[in-house]
Amino acid sequence: MRWSQAFIPTLRESPADVESPSHRLLVRAGFIRRLGSGLYAYLPPGQRSLLKIAGIIRAELGAAGAQEFFLPLPHRHSVGRDTGGPARSGDGLSSVEDRSGPASAADIPHEAAFTELFRREIRSYRELPQVWYQIHAGLCDELRLKPGPRRLRQSLRMDSCSFDRDPSGLDRSYRLHYDLLCRTFTRCGLKVDTVEASSAGTDCSQSVDFVVRMGGGEDCVISCSCGYAANLECATSRISEVADEPACGAPRRVPTPGQKTISEVAAFLGAPATHQIKSLVYIAGDKPYLFLLRGDHQLNEAKIRAFAGNMAGRQARPDEIRELFGADAGSLGPVGISGMPIVADYALRGRQNMTCGANQDDFHLQGVTPDVHFRPVWADLRAAEPGEDCSRCGRPLGMYRATRIGYLRKLATASRESGAATVLDAEGKQVPVAVGNYGIDLERILSSVVELCHDDDGIIWPGTIAPFAVVLTPVNYRESVKAAADKLYEEMQGAQLEVLLDDRQERPGVKFKDADLVGIPYRVVLGAEKVSRGQAELFERASRKTELVDLASVIPALQSRLLGSVPV
RNA sequence: CGGGGCGUGGCGCAGUCCGGUUGAGCGCGCCUGGUUUGGGACCAGGAGGUCGUGAGUUCAAAUCUCACCGCCCCGACCA
């Protein structure tokens with residue numbers, strides 16, 4: 001490609017509203033442009049890199065025996081309804097309206113389409129295992145969009161499904177994908193961590209996220225030196241012990257005028273936060289839920305989804321709380337409450353003689369004992385926090401921010417009913433198939449690499465996903481230098497090197513700055529003096545080191561370096 | 001969905017409070033000519049704007065009012 005003909009619109013200055021270094025560099029280097037909130041166009045350099053990533057994924061999946069599909073995007077109601085359930089507002093699915101009907105889900109989970117095909121076409125256990133995948137632009141109805149290429153209405157991703165005849169087969173498919181994702185990320189130049197992921201809402205028995213550590217990441221990971229690592233959404237920690245005074249008789253109602261928060265009540269009644277019950281009301285699917293925690297603990301909202309029909313709950317409004325409890329939020333408690341589920345965190349189990357709201361403004365109850373004065377459902381609701389003790393080894397937990405770029409899920413076969421994929425086993429009986437889901441987000445790979453691999457001058461691509469392998473930079477595109485550049489350009493193309501010839505009528509400084517910004521791994525510089533001696537400069541972007549090479553050995557030198565830079 | 005902010009050549013901004021000498025400017029980029037040519041050159045000339053859209057107030061609106069649209073931030077936390 002000749003740079004004079006290429007569309008690589010580099011910018012000297014940064015646009016406003018950049019949210020991260022990767023966002024700024026991808027825009028400045030001409031890889032992406034925003035077309036709307038959460039909508040980014042990938043320009044030719046960006047598309048080239050995305051295709052490189054897709055190529056790596058296809059190669060790894062192909063080597064593992066997976067087969068690629070091309071699935072339709074705007075499914076009608078019928079597809080996915082059986083298996084994926086109806087599209088609900090706020091469930092992360094976009095919807096569209098068209099001539100053939102009212103709003104229909106525009107983005108049924110890929111496993112719904114795969115499962116549909118499987119049910120129609122696969123009959124016998126002898127046809128298993130199957131691993132099916134597609135690489136496509138999926139839609140996502142983000143509640144909160146952010147500028148930058150990581151929270152999008154649309155994202156390019158790989159989704160795959162494995163179908164096995166039994167759990168041990170699923171174990172193999174899962175392991176296959178685990179290894180394959182690891183190799184894919186490594187080849188893209190990323191170091192990844194695997195962390196336990198929330199299984200809420202996805203109905204799965206095992207769930208792992210692949211994440212890249214980075215400051216601006218949208219996920220939090222709780223981790224421990226013993227190897228425990230989990231997404232904050234599902235992380236746990238050891239519950240600190242609290243000693244209780246023995247309970248005596250029925251709860252006592254005490255006046256607490258104007259005392260609403262946990263800390264106010266603690267000061268007023270002398271009841272420490274650890275001896276209080278925190279009562280939180282959520283509404284999900286028009287139904288109220290009462291969640292109880294120890295006063296010093298925080299609710300993890302991701303964990304409550306399992307109790308709210310997997311729907312996104314919201315905190316109840318003040319008017320709803322008053323209608324349900326006859327009191328305001330500062331005076332709520334579980335005693336005497338019926339007509340709604342009461343879910344209590346494990347940290348309250350076995351406790352006694354605690355303090356909570358009396359469901360009457362300005363009054364609290366003391367001497368309340370769970371399982372005696374109210375009967376909750378027990379669950380893990382508490383948000384783990386850094387500094388608490390690891391539930392495995394007892395050492396203090398750490399936390400870091402990260403971006404999720406891939407996942408593995410084993411679907412729970414037992415709970416799959418009418419929509420389940422089945423086959424006939426050796427005895428001719430219908431048996432459920434063990435299904436796994438796996439995914440990779442290609443755009444996040446791209447932006448994560450830039451986030452982690454750049455310097456003040458621009459992007460530093462790993463050779464595997466760079467838009468071009470080498471940029472050929474004649475200092476002046478004239479006379480002997482032009483002749484040498486044209487000749488070398490032809491030879492590089494003949495050698496299958498992805499070369500960009502900077503034939504623009506620009507000063508050398510502009511060419512160097514642009515090449516650094518775009519981040520092309522190698523640069524071959526041709527200047528009049530060196531060319532007259534049959535030499536060229538070979539510049540490596542990552543190390544910023546230059547060496548003199550004979551013109552005749554430029555191509556072999558590049559080839560050996562590029563091969564060396566490809567891991568696995 | 002709630003609260004706040006912004007919208008001025010391709011990009012970044014000033015001007016808006018206090019309506020009128022501002023024929024709407026500046027930096028970067030872009031075009032032409034010339035001088036340059038190893039890390040974002042210089043000189044001269046030039047193109048490019050429904051001041052987000054629509055209505056209103058006024059002798060007069062980028063500037064004041066209302067509505068709508070778009071975008072950004074914060075909150076509700078989503079894959």
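Just so it is clear: chains get the letters A, B, ... in the order the sequence lines come, proteins before strands, and each one is counted from 1.
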>> Does A:R28 reach a base, just sugar-phosphate, or nothing at all? Heavy atoms under 4.0 Å.
In response: base

>> What contact category does A:D514 fall into here, base, sugar-phosphate, or nothing, at under 4.0 angstrom with non-hydrogen atoms?
In response: base

> Which base sits across from B:rG54 as a Watson-Crick or G-U pair, both distances under 3.5 Å?
Replying inline: B:rC66

> Please give, in whole Å, the distance from B:rG10 P to A:I8 CD1?
Replying inline: 23 Å

>> Can you measure A:L43 atom CG to B:rG10 atom C1' for me and round it to whole angstrom units?
In response: 14 Å

> If you check every side-chain atom of A:R404, which of B:rC71, B:rG38, B:rA79 has the closest atom?
Replying inline: B:rA79

> Do A:F31 and A:W461 have their ring centres less than 6.0 Å from each other?
Replying inline: yes

> Can you name the residues that form a ring pair (Phe, Tyr, Trp, His ring centres under 6.0 Å) with A:F210, not counting sequence neighbours?
Replying inline: A:Y178, A:F185

>> Please give the distance between the P atoms of B:rC66 and B:rG45 as a whole number of Å.
In response: 46 Å

> Considering only side-chain heavy atoms of A:E13, which listed nucleotide, B:rG38, B:rA79, B:rG27, is closest?
Replying inline: B:rG27

> Which parts of nucleotides 41-52 of chain B does protein reach within less than 4.0 Å, heavy atoms only, written one letter per nucleotide 5' to 3' as B for base, S for sugar-phosphate only and - for none?
Replying inline: B-----------

> Between A:Y42 and A:Q47, do the side chains contain an N or O donor and an N or O acceptor separated by less than 3.5 Å?
Replying inline: no

>> Is it the case that B:rG39 (base atoms only) and A:D457 (side chain only) share a donor and an acceptor within less than 3.5 Å, ignoring hydrogens and angles?
In response: no

>> Looking only at the side chains, is there a donor atom on one of A:Y477 and A:E506 sitting less than 3.5 Å from an acceptor on the other?
In response: no

>> Taking atom types as they are modelled, would you say the side chain of A:E537 forms a donor-acceptor pair with the base of B:rG38 within the 3.5 Å cutoff?
In response: yes

>> When you compare the side chains of A:D17 and A:H23, does any donor N or O come within less than 3.5 Å of an acceptor on the partner?
In response: no

> How far, in whole Å, is B:rG54 from B:rC59 if one measures between their C1' atoms?
Replying inline: 23 Å

> Between B:rG70 atom P and A:R34 atom CZ, what is the distance in whole Å?
Replying inline: 13 Å

> Say you pick atom C1' in B:rU58 and the same atom in B:rU8; how far apart are they, in whole Å?
Replying inline: 23 Å

>> Test of understanding: with side chain to side chain donor-acceptor pair (under 3.5 Å), list the residues that count as partners of A:D345, not counting sequence neighbours.
In response: none

> With A:Q505, which residues qualify under side chain to side chain donor-acceptor pair (under 3.5 Å), at least two apart?
Replying inline: none

> If the P atom of B:rG7 is compared with that of B:rG29, how far apart are they to the nearest Å?
Replying inline: 25 Å

>> When the P atoms of B:rG52 and B:rA62 are compared, how many Å lie between them, rounded to an integer?
In response: 10 Å

>> Pick the closest RNA chain B nucleotide for A:E233 and for A:N476 by heavy atoms, then say which residue is nearer the 5' end.
In response: A:N476

>> Measuring to OP1 and OP2 of B:rA79, would you say a side-chain N or O of A:R444 lies under 4.0 angstrom away?
In response: no

> In whole Å, what separates the C1' atom of B:rG70 from that of B:rC28?
Replying inline: 25 Å

> If we ignore angles and hydrogens, is there a donor and acceptor under 3.5 Å between the side chains of A:Y407 and A:S207?
Replying inline: no

> So, is A:S37 close to the B:rC72 phosphate, meaning a side-chain N or O under 4.0 Å from OP1 or OP2?
Replying inline: yes

>> Going by purine N1 to pyrimidine N3 plus the second Watson-Crick contact, or the G-U wobble pair, all under 3.5 Å, which nucleotide sits opposite B:rG45?
In response: B:rC31

>> Could you tell me how far apart A:K482 (NZ) and B:rU37 (C1') are, to the nearest whole angstrom?
In response: 18 Å

> Tell me: CZ of A:R504 to P of B:rG40, nearest whole Å?
Replying inline: 14 Å

> Considering only side-chain heavy atoms of A:K513, which listed nucleotide, B:rG39, B:rG38, B:rC71, is closest?
Replying inline: B:rG39

>> Using the side chain to side chain donor-acceptor pair (under 3.5 Å) criterion, which residues pair with A:K260? Sequence neighbours excluded.
In response: none

> If you look at every strand shown and take non-hydrogen atoms under 4.0 Å, does A:R523 touch a base, only sugar-phosphate, or nothing?
Replying inline: base

> Expressed in angstrom and rounded to an integer, what is the separation of A:E506 atom CD from B:rC31 atom P?
Replying inline: 9 Å

>> Tell me the interatomic distance from A:D219, atom CG, to B:rA79, atom C1', rounded to whole angstroms.
In response: 9 Å

>> A:V131 vs A:F163, test: side-chain contact (heavy atoms from CB on, under 4.5 Å). Steps then yes/no.
In response: CA-CA 6 Å; A:V131 180; A:F163 299 95; over 6 Å; no

Collect all protein-nucleotide pairs involving nucleotides 2-7 of chain B in which both atoms are nitrogen or oxygen and the distance is under 3.5 Å.
none

>> Please report the distance separating the P of B:rU65 from the corresponding atom of B:rU16, rounded so that it comes out in whole Å.
In response: 14 Å

>> Taking B:rC51 as the reference, what is the distance to B:rG46 when you measure between their P atoms (whole Å, please)?
In response: 24 Å

>> Looking at B:rU37, which nucleotide sits across from it as a Watson-Crick or G-U wobble partner, both distances under 3.5 angstrom, or is there none?
In response: none

>> Side chain of A:F512, heavy atoms from C-beta onward: which of B:rG39, B:rG12, B:rC71 has the nearest atom to it?
In response: B:rG39

> Within this structure, what is the CG-to-C1' distance between A:L11 and B:rG40, rounded to whole angstrom?
Replying inline: 13 Å

>> Quick check on A:E323: does its CD atom have over 12 non-hydrogen neighbours (other residues, nucleotides or ligands) under 6.0 Å away?
In response: no

>> Tell me which nucleotide, if any, is Watson-Crick or G-U wobble paired with B:rG2 when both distances must be under 3.5 Å.
In response: B:rC74

>> How long is the straight-line distance from CD of A:Q535 back to CG of A:L551, given to the nearest 0.5 Å?
In response: 8.0 Å

> Does any nucleotide pair with B:rG23 by Watson-Crick or G-U wobble geometry, both distances under 3.5 Å, and what is it?
Replying inline: none

>> Which is more 5' along RNA chain B, the nucleotide nearest A:E529 or the one nearest A:G36? Just name the residue.
In response: A:E529

